[in-house]
Amino acid sequence: MSEALNLVLNPEIDASQAGPHFMLGDHACAEGALYAGCRFFAGYPITPATEIAEYLSERLPELGGQFIQMEDEIASMAAVLGASVAGAKSMTATSGPGFSLMVENLGLGYMMEVPTVVVNVQRGGPSTGLPTLVGQQDMMQARFGSHGDTTMIALAPQSPQEAFELTVHAFSIAERLRTPVLVMMDEVVGHMHERVIIPPPGQIPVFQRRRPDVPRAEYLPYRPGSDLVPPMALAGDGFAVRFTGLTHDESGKAVTTYDAQQLLVPRLREKILRNREAYERTELYRTEDASTLVVAYGITARAARRAVDLAREHGHPVGLFRLATVWPFPEERLRSLHDVRKIVVAEINLGQVVLEVERIAGGYAQVTHVGSAGGRVPSAEAIAEACESAAQRSP
Amino acid sequence: MAKLTIPAQELMYGGHAACPGCGAALAMRLLLKGLGPRTIVSLPACCWTVIATPYPTTALRVNILDNPFEATGASISGLRAAVDVLGLKDVHIVGFAGDGGTADIGLQALSGMLERRTNAIYVMYDNEAYMNTGIQRSGETPWGAWTTTTPVRGSLHGKPEAKKDMMGIVLAHHPVYAATVNPSFPEDFDRKVERARDLVGPRFFHIFAPCPPGWRFDSAQTIALGRLATDTGVFPLYEVVDGRLHITRKTGELKPVAEYLTAQGRFRHLTQEDVEQIQTQVRTDWERLLKREREDLSLAH
Amino acid sequence: MRKEVRFAGFGGQGVILAAYVLGRAVSMHTPMHATMTQSYGPESRGGACEADVVVSDHEVDTPEVERPDILVLFSQEAVAKNLENVRSASLVLSDVDLVRLDGEVARKAVSLPFTRTADALGRRIVANMVMLGALTRASGLVPREAMEAAVAESVKPSTRELNLKAFDAGIRL
C-alpha cells in the first residue's frame, strides 16, 4: 500500500481534544467527524451550519486533512462523494436551502453506494424562512427528498454531546453499510454551548471501510456480501471500478433494464432494512408502566422528557420514546411497548414523523401531534398538556 | 462652485438594517437615485435581503422580489419577459446580488442571462466575502485576506487564492454595458447608472462595497477607504460600452497599495513581501487596463 | 435548582463572552450543568446583543430562557426589550452610567459602575469582567474560584492578568 493511501485510510490519530469542553453544538459535530477519521470537508456558508465549516477550516489542515469551501451546495455534495470514492472519509454540512440543492447528488450517493456524512442543521422554512431559528421541518425531505425509491438513514442529536457521538456513529454506519448517512441536527442544538466530553481515541469504536478480499481479476464492485453490502475498492488499490448513477449490474456496468433494476434497487433498500442493529438507537424514559407515550427527537426530546415528569406529577403514566435514529423509523421497538394506547408525537413541524408513527400504531394506539411551523421548541408544558388530554380521552 | 449632479430623489430610506458604514447600503441608495422609482429589484440571499425589510419597516420605495441564492440572473429574466408581455416600456429590472451570489453560486444564472441578451441590469455589490453568514471567503475575496474560513494560524495565512476577475468573465459575454463603480465617487457612480439606464440589453455593474465588520476597519472610514481602493489601483473605475473600455478616474501616480491594506484588520498578518507581491499585481493589472484602453481607442478610430 | 441568567447590551460590550465565561465556569469547574445560547437574529445586526445561560443542578432540559431570574443590563435599549423581565427578575444588575431605571425597579436593581471601573483599569473592553465579578458576589450562583478559572481560560494569555484584575475589581465593587 502506498504511503499516501495508508494515510487516507488510517489518518493520524488526534488525541489533543480528549477531555471536557464547554462547546458549541456545531463544533461538537465537527469534532465528532474528526474523531471518526474524517479528513475531508467540502461546504458552503449557511446559517446555522456555518460554524461547522469555519471550525473545520482551521482544524482539518492541522490534522493533514483538507477543507474546501465550494461555490455552492451542489458542488459540496459532489466533492464529498468524490473524496469518499477515492478513499477519504468525508462530510458536508448545511441547512434547509442548501440541503435542497444537495439532494440530487445525495441520490447519486445512495445509488453508487458511497459512504459519506451529510449534516443538516435544521432551521425554520420553507425557503429562506427563519435562518436563525429552529425547525425540524426537513425530516420528510430527508426521507423522500431524492427522486426514485431510496431508503436512507438519519440520526438526530439532542445535545452538543450527542452531536459529537452521533456524528462519530454516522461515519461508522456510512462505512459499514456503504451509504450516505444524514445527521439531522437543529438550530438550537447547533447553536448552543454545553459541556461536551470527548473520549480518548479508540474509546468509541470506528468502523473502517471493508475492502475487497478477492484477486483483482475477480473483483466485482457491486457484488454484495451476505449482509448485502459490497466491499469497496479505493483509488490506488489497483482494482478496476466504475461508479455509475445509471442502473448497473454487479460489475458496475450500466444495464438499463427492468431485470437489472429489480436486482439493484430492492437490494439497496434491503441492505438498510436488514442491518438495523448497525444504526438503530433509541432511548426509553419512564416507559415501564406507561400507557401514554411521547415520541420525540432532537432538541424537542429534551422538552418531552420534562413533559413526562410534569404529566407524572399530575398522576398520568407517561413515558418517552426518544429517537436518536429517526430513519428508518425503529418500528419494532415502538411496537414492543405493549401497554401503550396513546402516543403524542412532539416535533417542530406541522406533522412529519407523526405520519410514520400513525402508520405503525394504526389499530392499537391513538396518535396526536404537538408542533409548530418552526421558530421555537414546543414547551414542556404544552407537551405535558397534550399527553394528559390524550390519556384522558376514551380509546 | 461645482454643480451637484446627483438626483435629489431618495428611494432608499432609514429603517434599514445595514451595519454602520455599510458600503452596500450606499450602493443601493446611489443606484436607485439614478434609476428612479419605476424599478423592480430582485435579491438573492445576501445582506440586502436582511437590510431591506426589517420588521416592521421597509427601506426601499421600489418593489422587491426575493429569489434563491443561485437564481438572480434567472429571476430577472422572468421579470423582464413578463414586463415586456405587459407592454411596460419604462420599467427597469435590476438583479442586486452580493459577490458570493454572483461569482460563486449565481455564476451560471448570470452567464445565462448575459448570453440570452436579457434586457436588465445585473449588479454585483462586492464586499469580498459572505458577510451575511459572518465573513466566509468567496471567489471575490482577495488573496491573503483573513476570513472565518481562511484563518490565520500556524501555516494558514489567509486566502491562498486570487480574486476572481468578474469583469473579465462578464466582458467575455459582450454585454452592451459594464462598469465598475465605487460609492466613494458618487458623481462617477451616478453618471454610469444614468448611462446604463438608457441602454437596452444586458448591463452589469461591479460595485465596490466596503464592509467595516468584515474587513475590520472603523465604520467612519468607509468613504476614505473606498477612495484609497481606487486611488491605489486596487479597484480602478472604468466602463465598457459596446466592447470599448474607458477608464473614468486617473490621478497620475497610483498611491502605494500598503496604504489601503494597512487600514484593514483582515490584512494585518501580511508580511512586507506579501504587500510587495500585491503591489506588483495591482500595478500589472493597472498597466494592462491602460493598454486595453489604448487599444480600444485605436480600434475605434 | 434551575436559574436563568440573561446578559443584554450592545455588540462589542463583551456580552456574549460574559455568558460564555459563566457557562464555562459552571460546566468545567463545578458539578452543575449549564447551557448557553445567544441571539443570532437580524436584530444582532442593529447592534443589540443578548446571551442567555441556564444553570442547573440537573441536566438542563430546555435551554430557552423565558423569564430570567438574573438579568444583566448593559444598555437602555436592553431595558426596553426586557421590561417584563426587569420587573420579574429576582436580581437585576446594571451599569449605572449606561442604564437608567425608575421607581421600584431602581430600588431593587444593583447599579454599579462596570464601565467606569474598566476605564480606570485602562481598558473599557473589560467592563464585562468587572460585571462578572459583581455578579459572582451578588448572586452566589458559582464559586469565585470557578469563575476565575473560566475567565483565565477564556481570554488571550496576554490579557489574562488585566481580565482577572477587572474581575477582582467587580467582586469588590
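Values below: all heavy atoms of this structure, side chains included; hydrogens, waters and symmetry mates excluded. Protein chains get the first letters and strands the later ones, always in sequence-line order, with residue 1 at the start of each.
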Please tabulate the donor-acceptor pairs under 3.5 angstrom that span chain A and chain B, backbone and side chains included.
unit_1, atom_1, unit_2, atom_2, d
Y44(A), OH, Y130(B), OH, 2.8
E54(A), OE2, Q136(B), NE2, 2.6
E54(A), OE2, T148(B), OG1, 2.6
S57(A), OG, T148(B), O, 3.3
E58(A), OE2, R153(B), NH1, 2.4
E62(A), OE2, R153(B), NH1, 3.4
E62(A), OE2, R153(B), NH2, 3.3
Q69(A), OE1, T149(B), OG1, 2.6
Q69(A), NE2, R137(B), O, 2.3
E71(A), O, I105(B), N, 3.1

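Here the side chain of Q122(A) pairs no donor or acceptor atom with the backbone of D186(A) at under 3.5 angstrom.
Proximity to chain B is limited to the backbone of I46(A), based on heavy atoms less than 4.5 angstrom apart.
Looking at residues two or more places apart in sequence or on another chain, you find a side-chain contact (heavy atoms from CB on, under 4.5 Å) between P180(A) and L106(A), Y110(A), T116(A). Residues satisfying the side-chain contact (heavy atoms from CB on, under 4.5 Å) criterion with P61(A), sequence neighbours excluded, are L156(B). In this structure, the side-chain contact (heavy atoms from CB on, under 4.5 Å) partners of A154(A), at least two apart in sequence or on a different chain, are M152(A), L182(A), M184(A), W327(A).
Taking 4.5 Å as the limit, some side-chain heavy atom of P378(A) sits within range of a side-chain heavy atom of I348(A).
To the nearest 0.5 angstrom, I40(B) atom CD1 is 5.5 Å from L79(B) atom CG.
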